[in-house]
2 protein chains.
Amino acid sequence: MQLFDVLGKRWTMRVLWELRGGRLSFRELRMRCENISPTVLNQRIKSLREMDIVDQCKTGYGLTNWGVELGEQLIALDIWAERWSHRK
Amino acid sequence: MQLFDVLGKRWTMRVLWELRGGRLSFRELRMRCENISPTVLNQRIKSLREMDIVDQCKTGYGLTNWGVELGEQLIALDIWAERWSHRK
DNA sequence: GATTATCGCTACATAAACTGTAGCATTAAT
DNA sequence: ATTAATGCTACAGTTTATGTAGCGATAATC
């Protein structure tokens, strides 16, 4: 499945996660992703833009409507992970 | 976050996806994952077992209770992806 | 009770993906 | 005009994944 192929690549989910907070410039996004290498960041952005999940305007990169929805899915995952992380 | 680190590795989500259907032997699991290399499959299994998401018994590998829950999260993602894939 | 099959898994050479740093071209502020 | 910040590319070095061969162990078959 195309979505899983992309999400399963290193940094993809992290990039989406960081973009939930609002638009970010390329350099800001890099810093928030532990200074991911610009090469890979650019590859991820490219994929996500082709998938209508991320877009770009003069104020930086951000989530499209689809991206916001996907972000909500990640939040659901995060809530589950919170419970899971407290397992005994 | 630990969960995203693991899920974001190649093949991890696919392995979980395939295990939703029931227990599978190492070799069966390999085949269903497009003949992923055994080296990597074993690494993923190891991580997922340490996280109490996958377990092993004489009938093969399968999901723990936590794994089933996580699988449900993936199904939610899949349902969303289905809608998304029909975008215009 | 040897033999054949299947199993989980490791070894290892090759290939692909990621990293880290430097820096170019462009635009925005001073 | 100069300085500063931006998005992004280049590239060498490292890490990760692939593909194939095969070992040791257990299970069925003759």
Side-chain angles (χ1 to χ4, degrees), chain A residues 1-64 66-68 70-71 74, chain B residues 1-64 66-68 70-71 74:
Chain A
M1 208 190 323
Q2 193 201 355
L3 180 69
F4 282 0
D5 288 348
V6 176
L7 287 187
K9 286 201 162 164
R10 199 171 180 188
W11 296 114
T12 303
M13 292 199 284
R14 175 64 174 269
V15 165
L16 292 176
W17 191 256
E18 297 299 336
L19 285 179
R20 282 173 328 133
R23 291 200 169 268
L24 293 174
S25 72
F26 189 89
R27 279 162 129 100
E28 280 171 344
L29 189 47
R30 266 198 78 197
M31 287 200 299
R32 298 198 189 211
C33 294
E34 302 166 40
N35 278 308
I36 172 181
S37 78
T39 314
V40 174
L41 177 54
N42 209 32
Q43 289 169 358
R44 296 298 174 270
I45 287 173
K46 187 177 175 223
S47 296
L48 291 170
R49 286 182 67 186
E50 288 170 357
M51 296 164 80
D52 295 325
I53 286 171
V54 162
D55 61 11
Q56 182 180 23
C57 70
K58 63 196 72 164
T59 65
Y61 293 101
L63 298 179
T64 63
W66 288 110
V68 172
L70 181 50
L74 295 186
Chain B
M1 206 190 326
Q2 194 202 356
L3 180 68
F4 282 180
D5 288 347
V6 176
L7 287 187
K9 286 199 163 167
R10 199 171 180 189
W11 295 115
T12 304
M13 291 198 284
R14 176 63 174 271
V15 165
L16 292 176
W17 190 257
E18 297 299 336
L19 285 179
R20 284 173 328 141
R23 292 202 167 267
L24 294 174
S25 72
F26 189 90
R27 280 162 128 100
E28 280 171 343
L29 189 48
R30 266 197 77 198
M31 286 200 299
R32 297 198 190 212
C33 294
E34 301 165 40
N35 277 309
I36 173 181
S37 77
T39 313
V40 173
L41 177 55
N42 210 32
Q43 289 169 0
R44 296 297 175 272
I45 287 173
K46 188 178 174 221
S47 297
L48 291 169
R49 287 182 65 186
E50 287 170 357
M51 297 165 79
D52 295 326
I53 287 171
V54 161
D55 62 10
Q56 181 181 25
C57 69
K58 62 196 74 166
T59 65
Y61 293 101
L63 297 179
T64 62
W66 288 110
V68 171
L70 181 50
L74 295 186

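Order of the sequence lines sets the chain letters (A, B, ...), proteins ahead of strands, with each chain counted from 1. What you see is a predicted model; the values in this text were computed from it and never measured.
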d(CD1, B/Ile45; C1', C/dC7) in whole Å: 13 Å
Using a strict threshold of under 4.0 Å (side-chain N to carboxylate O), is an ion pair present between A/Arg14 and A/Glu18? yes
Between A/Phe4 and B/Met13 the two heavy atoms that sit nearest each other are O-CE, 4.0 Å
Using OP1 and OP2 only, check whether a side-chain N or O of A/Ser25 sits under 4.0 Å from D/dG7. yes
Whole angstrom value for the distance that separates C1' of D/dG7 from CE of A/Met31: 14 Å
Provide, to the nearest angstrom, the distance between the CZ atom belonging to B/Arg23 and the P atom belonging to C/dC7. 16 Å
In whole angstroms, how far is the P atom of C/dC18 from the CG atom of A/Leu41? 12 Å
Taking atom P of D/dA28 as reference, at what distance in whole Å does atom NZ of B/Lys58 sit? 13 Å
Identify the heavy atoms of A/Phe26 and A/Asn42 that sit nearest to each other, and give their distance. CE1-OD1, 3.8 Å
Indicate for each nucleotide in nucleotides 9-21 of chain D, in 5' to 3' sequence, whether protein heavy atoms under 4.0 Å reach the base (B), only the sugar-phosphate (S), or nothing (-). BBB-----SBBB-
Expressed in angstrom and rounded to an integer, what is the separation of B/Arg27 atom CZ from D/dA25 atom P? 16 Å
Closest non-hydrogen atom pair between B/Val6 and B/Ser47, with its separation: CG1-CB, 4.4 Å
To the nearest 0.5 Å, what is the distance between CG on B/Leu7 and CD on B/Gln2? 10.0 Å
Do other residues, nucleotides or ligands put more than 12 heavy atoms under 6.0 Å from A/Arg23 CZ? yes
